[in-house]
Structure formats: structure tokens, C-alpha cells
Amino acid sequence: MHLKHQRQLIQSGILTEAQVLEAEEITLSKKISLLLALLELDSVDDQALLDALSRIYKTAYLDISNIRVDDALLTMCPEKMCRDYVFIPVSYNETDVVIATATPLDVNMLDVLGFKLGKRIIPRFARPDYIQRKISDLYQDSDSDFNAAVEGLDDEHALTQEMNTPQDSANLDELKRGAEDSPIIKLVNGVIVQAMKIGSSDIHIEAGERQSVVRLRVDGRLRPMLRFPVKAHPLVVSRIKIMSRLDISNSRTPQDGRARVKLWGKSYDMRISTLPAMHGEKVVMRILDKGGLALNLDVLCFEEIAYKRIRQCISQSTGAVLVTGPTGSGKTTTLYSFLHHINDDEMNLITIEDPIEFQIAGINQVQVNPKAGMTFSTVLRSILRQDPDVVMVGEIRDEETAEIALHAAQTGHLVFSTLHTNDAPSTVTRLLDMGIDPSMLASSLNLIVAQRLVRRLCPKCRREEKPDSELAERLGIPDSILLYEKTGCKHCMNIGYKGRMGIHEVMYINDRMRKLISRGATDRELMQAAREEDMLTLFEDGLSKALAGQTSLQEVMRVCTVPEGFLLHEHLDENLQILSYGEVQRRRDKAHAQHAISTEQQTVLVVDDSSSVRNLVEFILDADGYRVIQAEDGQQAWNLLQRLKPDLVLTDCEMPNISGMELLKHMREQERFDNVPVIMLTGRRSEEDEVMGLKAGADDYITKPVEPLKLQARIRKTLGLYAHLSSGKRKLH
């Protein structure tokens, strides 16, 4: 941008002198153009600046973010030309080529392009950052970087150094010289560039017996991309170690380091890890692209109820919010999004991380350093003396860290952290196994989010298809349902998937859940209660996204298990949306209640935590003409009794949440159940238990295993006795 153009913008009020000075400092530090620096400033109105420049340049502003470019035009204008002269070809005819450029008044550039293309160049003004991004998108399938990378690798002179004794100083010098030789630099740079172009998260370089292989992790899956002679492997590893300031003389122990590279006007941090293996050191390079970090809750794909509960819990002033899942499931990104959502100038936010993956403005981030005594627990103790409002602990790894974090959550701090567990309920069990007091855990937890990442179907080539008949039968998928499958096209590099998204299991800790945690409930009990409180499991949330065409059913089943007894047709509403287990139960109970009212059949509520016992009893009673409603435990039975009144209750004694004895006690405390008989069905055969049950208000006591004729006779007798009594004014005992 010329000086006279700066003056025009200042005089017109689009920019201030202070903004220009600030942008010039950014230009010097980041070595980018003044226009790009101005667009980075929050205080500058981007659209007003672009409109003003288009008037100064006397050419229209062109938003190139969504334009399509003809393949013939890409062939005419190769990637190297576009990068060298920083432009995007837009359209062409026999005489002209229209291009998008950030410097439409650069006559020399236009003349050179006109000479190279043999046509007149018509410039249009565009944002410089959009141009760089568009070049990467348009030429993502190009192999030019790999071709440049491997050029010269067959030159024996460049690959003659083999390091059998790397500790020797002379050989170390040779290794360093070989690592800085042109073909090796081309190879390493070419691999890094290609990985960034296709959006890879990790680069794996592995030595084999004869060849080394480079694999790139794209959307969570590794893809082989390049092979090179194994004798070049020590030189490649040394080059990477030099970049990340690691010890090239040490090839016998693992090392970790960091590097920063600049490409297309952007800086990328890279985390480097080396590991000695049989044929040579394995190197993994993780690419940390802050620009690709989504810090908006709206883009994390939470379903409606979960989204509301998350916003409620992360806005509270105290309590713990935990995110769980395996390595690489996006836990850190989710926590960063929580922090970004609540971050403002009035809050003191501090994080403890190992390592700090992304630097976020306005947040105090602390790096763990065990060698210097900076462990999670010791840093956390110090942080609590820094008057924090919100503390993020990168990972709870031991009892001490867990205890301090949860204590902080009870004493006026909001605490975010992660654990490695399979699902949300098992997080509670894991913390209890660490030695955390159940009552302390119950009072400090607000929310647990379990998550996985699944690949998004490519929107350009996905196709509708009926699911496999065997799978459809197993999952209860109606015949009318069509799901989407992958195909593969140029846009997604023939994979069928492009990008990833999260599937979640959000367990909200309400009073009912706190009671269960306090008494040390099992994973199964917690899962059952959470589902009744409208939590979608990982599979159910993933299936809802598969129904919406965002991912495939195979992807969902790859990362999570199907809940026991799940049938899709029972969980679909009229709009083909997934219903929670709790909503399914409420609708089923309402239907049963309405049916019971409209029929003369006598209704028996069967309560047992064993599905096989419930199904057997239903079969026996159905044959005798009774209508049977099932409940999996005392809590579910009590919820049903608030909405319907059965003719008889047949309940097990020992059950999760509310036992049979507790259910009986609740019923006998309410007058409306005076004329509802209760029979205890249990495996406990002691006389004391039977007497206790009868004293508590049971009308009969039947032991397991169930004897069909005996059960039918007892129920008929009990209902017959009640039928002769005067409408609930008198009890049998």
C-alpha cells in the first residue's frame, strides 16, 4: 500500500494514524504486508477498508472465498505462478484473463503475467489472506511439493553418510552436514508443506528394513504419502532435530521438542517427538494450527438439550466441568471453547497445561515442568493463591491433583479439566477409584462431557443408501430410513470424508445424580439415571448426526458401542429426530396409562433390574390375560406411579436407585395406593426378610426362580381378595 493511499485513508476517516503505526509494527515483526496487518487489527473495520481501497484502486472488490475456478484455468495458471505473484485466476476468454490480487496497481506484475499467459490481464481487488487460503484449497491435490522434495534423492553422493556410531564427533559433523544438504531439506520441507496443504494433524516418519515411509494423519486416519531410501532416514531425522533444537547425538532415548515454521504468511507451531525403533528413530510431528482452532461453542455440534446444560454449567461461578475421552478426541479444543465463551476483562482465567498447545489472548497459561518441580498438583496449589475465577487443569492424572481441583470447585472456583475414560458415567467411578470421597465428588461436579471425533461425509460426493439388512434388523432401522454413505471425489481426495466433528455424551449432575454418586452407585446405575434425565449416549448422538447426513453410520459405530437393547424405531419422533431414552419412556408410560384407562384388562407393574426376569413374568401374566408394564428399578417404577395406578405391583427387593422395600414404603405412605396390592418377588429366602417385607406392607412374598402356575395363582388370589374389599377404605393388614 503506497504512502499516498495511507494518507487518503486517514483523511477519509477509514484509518487513524495510531492504527497505521500499530500495523507497521506488526508488519515488521511478522514480515507481512501492511494491508494484511491492518486486517488483523480488531479496531479496523475490514469491510470499510476494503471498500475504500477498491475505490482508490478503481476496480471492484471481489470476495473469492466461495468462487469456483475452472480446471482449464488452473492448468493455464500453475500453483507456482500463483504463489510467486500472489493471485487467483478467476475467469478467461480468448483475449483476457481476470485475476484476483491484493495489488491491482502493480503494473510490473500485470505485465509479467500478461507475457507468461499471452493474454491481457484484468485485475480485481481481493483480500490477501483469502488469496493465500484459496491457493491452498485450489491446488491441494498438487504433487509439485513432493516432486521437488524427492528431487535429487537418487544422487548417491547426497546419501552416502551412514551413521553407525553417532556418538563420534567426526561422524556427528558429517550427519549435520548431510542433514543440511539440499535434497534432505527439500524432502523435509516438501513433506511439511504437503501435510499443511491437505490439513493433516500429524506427520509420521518411520524407518523400515529397506525403505522409510511418511504417513500423514488426515481426519484421524493415517495415509501413506511417500517412501524414500532408508539410508536417508538418519539425515531426515537429524534435519528435524536441528529444526526443533534436539540433540542429534542422542538416538537411543526418546526426545520431545518444538519448532515453528512460516508458510503462506502464517506461523505454525509443531510438536516433535522421537522414539528409538528397530530400524531407526520414529518421528511424529504434530502440526498446531491456531488459525484452524474453532473456539465457538456453536460449531462444536452439541445437541439442543446438551448445549443448554453446557452453557448453564460453564456460566456458574463454582463447580467442576470435566471433559473425557481418549487421546486425540478433541478434549483440549472443547475446554478452550468453554474458556473462550466465558472470557472477559472482569475474570482471572488460568490454565495448567502439558504442553501448551495454543496461546489464547486474555488467559494466563502455565506450562507443566516436572523436572523443575512444576507438576499439576504443585502448580495448582500456587494458582489457587493467585485469586483465580476459573482454573483449567489440562489433565487429572493422580489423586492429589483430583483432590485439589475438586476442593477448589467447592470453594468458589470454576474448574475445567479432562480425564481418559470411555464414557461420562465411568468418569465418576474413575475418580472414586483414585480415592476421592463420594460426597465431596457429588457436591463439586456440575457436568461431565464424554466425546469422540467422527469424520464428516464429503458434501460433494456423499450418496443416499439403504443400510445393510442385517444391521438394519439389529438396530431396528425402519425400511423408510435412508442413510448417507461415502463415495470419494477430487474435493475429498477420494476418501469420501472431509473434516471431523464431535459426538458427545453430556451428563448433567442434578440432585438425583448427586445422591447416586454419594452412595457410590455403579456405572450402570449412573448411565440408567442419566439417560432417564434425557442424556443422549455417544451412539445416539452420533446416530442423530448420521440421520442428518453429516457422517456415516459406519463412522459412528467405529468409535462407540451400541447401547444394550437399542432399537431406532423406538427412538424416532415424527420428524425423524432421535429421542432420548427418558423421553421414550415418558411417551411409552403415557400410552400405557391411556390404554389401561380405555380397557378393562387388569394392569400389573413388574419391577426388576433383570430384563430376563421381567420378560419371563410378562410372558406368564400375558397368558393369564393381564396387561404388564415393566420398570427397570424402583426409581423408574416410582416415576411411573406418579402418572398411572396399576391394579397390582410385583417388585424385586434388591435394585439400584430405589430398592423394592423403599418403593413399598413410599407407596404405603400415600393414601392413593391403599387399594393397590404389592407382591415381593425376590431371591432372598430368609424368614427374617419375608417377615420384614410383610410388616412393611407387602401382601405376599414369592421367591425366585419364578414358577409360572404358582405366580398366576398368587396374583389371582391377591387381586381377588382386594376385589372384595370396599374400594380402598380398608387394608388387608
Verify, without hydrogens or angle tests, whether [X] (side chain) and [Y] (backbone) share a donor-acceptor contact under 3.5 angstrom.
X	Y	result
Gln255	Asp247	yes
Asp51	Ser54	no
Glu555	Arg456	no
Asp389	Asn348	yes
Asp256	Ser273	no

Review point. Do you know which two heavy atoms are closest between Thr27 and Ser33, and how far apart they sit?
Key: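 Looking at all heavy atoms of both residues, the closest pair is OG1-O, 3.8 Å.
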**Study point:** Shortest non-hydrogen contact between Ser200 and Arg217, atoms and distance
**Key:** OG-O, 3.0 Å
Review point. Do Tyr497 and Ser552 meet the criterion of a side-chain donor-acceptor pair at a distance under 3.5 Å?
Key: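 Result is yes, a qualifying pair exists.
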Check your understanding: Quick one: do the Glu303 and Ser544 side chains pair a donor with an acceptor below 3.5 Å?
Key ->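 No - no donor-acceptor pair under 3.5 Å links their side chains.
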Quick one: list whatever passes side chain to side chain contact (heavy atoms under 4.5 Å, CB included) with [X], sequence neighbours left out.
X	value
Lys545	Cys301, Met501, Ile503, Asp541, Gln550, Thr551
Arg258	Asp269, Arg271, Leu288, Pro355
Ala100	Leu62, Ile64, Ile88, Val90, Ala126
Glu395	Arg397, Thr418, His420

Review point. Which residue pairs pass the salt bridge (Lys or Arg N to Asp or Glu O under 4.0 Å) test when at least one of the two sits in residues 118-132, sequence neighbours left out?
Key: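 Every pair satisfying salt bridge (Lys or Arg N to Asp or Glu O under 4.0 Å) with a residue in residues 118-132: Asp46-Arg127, Asp96-Arg120, Arg127-Asp129.
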**Study point:** side chain to side chain contact (heavy atoms under 4.5 Å, CB included) evaluation trace for Ile363 with Met392
**Key:** CA-CA 10 Å; Ile363 298 177; Met392 183 188 115; over 6 Å; no
Review point. Above 12 or not: heavy atoms from other molecules or residues under 6.0 Å from CD of Glu464?
Key: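 Result for CD/Glu464: enclosed.
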Practice item. Flag the pair Arg463 and Glu485 as a salt bridge only when some basic side-chain nitrogen lies within less than 4.0 angstrom of an acidic carboxylate oxygen. Key: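 Not counted as a salt bridge, because no side-chain N and carboxylate O are separated by less than 4.0 Å.
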Exercise for review: Carefully, step by step, assess Val390 and Phe338 under the rule side chain to side chain contact (heavy atoms under 4.5 Å, CB included).
Suggested key: CA-CA 11 Å; Val390 181; Phe338 292 170; over 6 Å; no
Point to revise | For Thr351, side-chain hydrogen bond (donor to acceptor under 3.5 Å, both in side chains) partners two or more places apart | key: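 With neighbours one apart ignored, the set is Glu353.
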